[in-house]
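Below, read A as the first sequence line, B as the second, and so on, with proteins coming before strands; counting in each chain starts at 1.
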Number of protein chains: 2
Amino acid sequence: MNKSVIIVAGGSGSRMQSELPKQFIKWCGKPILMHTIQRFVEFDSQMQIVLVLPKDQMELWNMLCTEYNFTVGHSVACGGATRFESVKNGLEKISQECLVGVHDGVRPLVSAQTLKNCYNTAAKHGCAIPVTDVIESIREVGEFGSKAVARANYKMVQTPQVFFSSKLKATYEQPYRDFFTDDASVYEAAGNTITLTEGNLENIKITTPMDLVVGEVLMHRSSS
Amino acid sequence: MNKSVIIVAGGSGSRMQSELPKQFIKWCGKPILMHTIQRFVEFDSQMQIVLVLPKDQMELWNMLCTEYNFTVGHSVACGGATRFESVKNGLEKISQECLVGVHDGVRPLVSAQTLKNCYNTAAKHGCAIPVTDVIESIREVGEFGSKAVARANYKMVQTPQVFFSSKLKATYEQPYRDFFTDDASVYEAAGNTITLTEGNLENIKITTPMDLVVGEVLMHRSSS
């Protein structure tokens, strides 16, 4: 089955203390977003790429593509007020039935193995959410104070989260709810079963200046 | 009130793919454990340091102290079969009432601000557990499958966890239970209230080759 990915890049530069939205920051030679897109086409050269960008960033993106001679074919959809709306807009660009991943634009360190796990698991089970173990002890907090919980009972969630396109489109017909933090939460709210698969620890979301530095080290390790 | 710390260094090198126990690995110029100890004496030069080491690593530690001319005063207690037992052995070296922290030997990146938060909060509230926000989405997993949970309801737990020494000693009189993964869990099982304070994101536990590289970057950032 054909594969596609919706790359959501709606971020600002606020946590990065930067004027430039974080997905456009030059990192390891070019804007982060270009690295992210390349991971997908290197995994499958036939991958259909849909990039979701805020309307007022599209011109800048086009200029960057020219400046960096970035020629990977992709379509661009318009970002919405919420991530939910952005993904929904991206899904409209997917016309044929396929496996569709939804991926954070600022996760350029997703490994080929994670991509393989995600698309293969989704092909078999209908969906795939990449997760990793929780390494630190965790505590639950609330009005009651806080209490220790067993970290073995929790997983850290990454992207790409992969689904059959028709099924994901159907779940995005729901009204928006404020606990929709990722696609898995939207998909399961519609009554569907979630299947987990193994992500890679390096697949961090680059959102702070510290992440830029740590990510660069991980990038060099993964390519050496 | 006087301050002390029990630094628990019972690790092997297995996850590090190293013959040398991880706390002794040379990192940023010297064994990790020496960096960790120094963070505490730099914070408070009067800090009483108790190092808990497996019996068969004590000779190696002495040799390393000579080799690196490491002259920070500290006593050494013998590690037990569990972390619980190791901390209990360490507590026996604390004779006078004081604030006692329990810290992982392989967390050399604890900041002065975190140490200040921990000891000050414990002095005021009886105990202090340093935590940071959960950055990634998390899911709870179990026999039921998995479900999204609100990450705002969880915190990542670090060390040092700081208590009044008499109170911590009393809680360590309990029989060992297998959910005792850190001192907070021992302390609250004895009916005490936990107080959280702010840790620092860089305060990672160095347990894998990837952590060594990431940690080195964080070390240079924190000292620049």
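Comparing Val131(B), Val134(B), Ile135(B), Ile194(B) by heavy-atom pairs within less than 4.5 Å of chain A, the highest count is held by Ile194(B). Contacts with chain A were tallied for Val149(B), Leu201(B), Ile138(B); Ile138(B) has the most, counting heavy-atom pairs under 4.5 Å. Contact count versus chain B (heavy atoms, under 4.5 Å) is highest, among Gly215(A), Ala189(A), Ala150(A), Ala148(A), for Ala148(A).
Between atom CG of residue Leu51(B) and atom CD1 of residue Ile6(B) there is a gap of 11.0 Å, rounded to the nearest 0.5 Å. Rounding to the nearest 0.5 Å gives a distance of 10.0 Å between CG of Leu168(B) and SG of Cys98(B). Distance check: Leu115(B) CG to Phe40(B) CZ gives 5.0 Å after rounding to the nearest 0.5 Å.
Residue Phe164(B) comes nearest to Val100(B) through the heavy atom pair C-CG1, 4.4 Å, listed as atom of the first residue, atom of the second, then distance.
The ring pair (Phe, Tyr, Trp, His ring centres under 6.0 Å) pairs that include a residue from residues 188-215 of chain A number zero, where partners must be two or more places apart or lie in different chains.
Inter-residue side-chain proximity for Ile7(A) and Ile37(A) is flagged as met; some heavy-atom pair is nearer than 4.5 Å. With a 4.5 Å cut-off on side-chain heavy atoms, Ile204(B) and Val106(B) do not count as touching.
Interface remark: Ala152(A) contributes backbone atoms only to the contact with chain B (heavy atom separation under 4.5 Å). Contact of Val213(A) with chain B is made through backbone and side chain together, with heavy-atom distances under 4.5 Å.
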For this session: Begin with the C-alpha distance, continue with both residues' side-chain angles, and end with the deciding distance and a verdict on side chain to side chain contact (heavy atoms under 4.5 Å, CB included) for Leu53(B) and Phe24(B).
Result: CA-CA 11 Å; Leu53(B) 277 180; Phe24(B) 297 148; 3.8 Å; yes
Donor and acceptor N/O pairs, chain B versus chain A, under 3.5 angstrom:
{"residue": "Arg107(B)", "atom": "NH1", "partner": "Glu136(A)", "partner atom": "OE1", "Å": "3.3"}
{"residue": "Arg107(B)", "atom": "NH2", "partner": "Glu136(A)", "partner atom": "OE1", "Å": "2.7"}
{"residue": "Glu136(B)", "atom": "OE1", "partner": "Arg107(A)", "partner atom": "NH1", "Å": "3.3"}
{"residue": "Glu136(B)", "atom": "OE1", "partner": "Arg107(A)", "partner atom": "NH2", "Å": "2.7"}
{"residue": "Ser137(B)", "atom": "O", "partner": "Val157(A)", "partner atom": "N", "Å": "2.8"}
{"residue": "Arg139(B)", "atom": "N", "partner": "Lys155(A)", "partner atom": "O", "Å": "2.9"}
{"residue": "Arg139(B)", "atom": "O", "partner": "Lys155(A)", "partner atom": "N", "Å": "2.9"}
{"residue": "Arg139(B)", "atom": "NH1", "partner": "Glu188(A)", "partner atom": "OE2", "Å": "3.4"}
{"residue": "Arg139(B)", "atom": "NH2", "partner": "Glu188(A)", "partner atom": "OE1", "Å": "2.8"}
{"residue": "Arg139(B)", "atom": "NH2", "partner": "Glu188(A)", "partner atom": "OE2", "Å": "3.4"}
{"residue": "Val141(B)", "atom": "N", "partner": "Asn153(A)", "partner atom": "O", "Å": "2.7"}
{"residue": "Ala148(B)", "atom": "N", "partner": "Glu188(A)", "partner atom": "OE2", "Å": "3.1"}
{"residue": "Asn153(B)", "atom": "O", "partner": "Val141(A)", "partner atom": "N", "Å": "2.7"}
{"residue": "Tyr154(B)", "atom": "OH", "partner": "Tyr154(A)", "partner atom": "OH", "Å": "3.2"}
{"residue": "Lys155(B)", "atom": "N", "partner": "Arg139(A)", "partner atom": "O", "Å": "2.9"}
{"residue": "Lys155(B)", "atom": "O", "partner": "Arg139(A)", "partner atom": "N", "Å": "3.0"}
{"residue": "Val157(B)", "atom": "N", "partner": "Ser137(A)", "partner atom": "O", "Å": "2.8"}
{"residue": "Glu188(B)", "atom": "OE1", "partner": "Arg139(A)", "partner atom": "NH2", "Å": "2.9"}
{"residue": "Glu188(B)", "atom": "OE2", "partner": "Arg139(A)", "partner atom": "NH1", "Å": "3.4"}
{"residue": "Glu188(B)", "atom": "OE2", "partner": "Arg139(A)", "partner atom": "NH2", "Å": "3.4"}
{"residue": "Glu188(B)", "atom": "OE2", "partner": "Ala148(A)", "partner atom": "N", "Å": "3.1"}

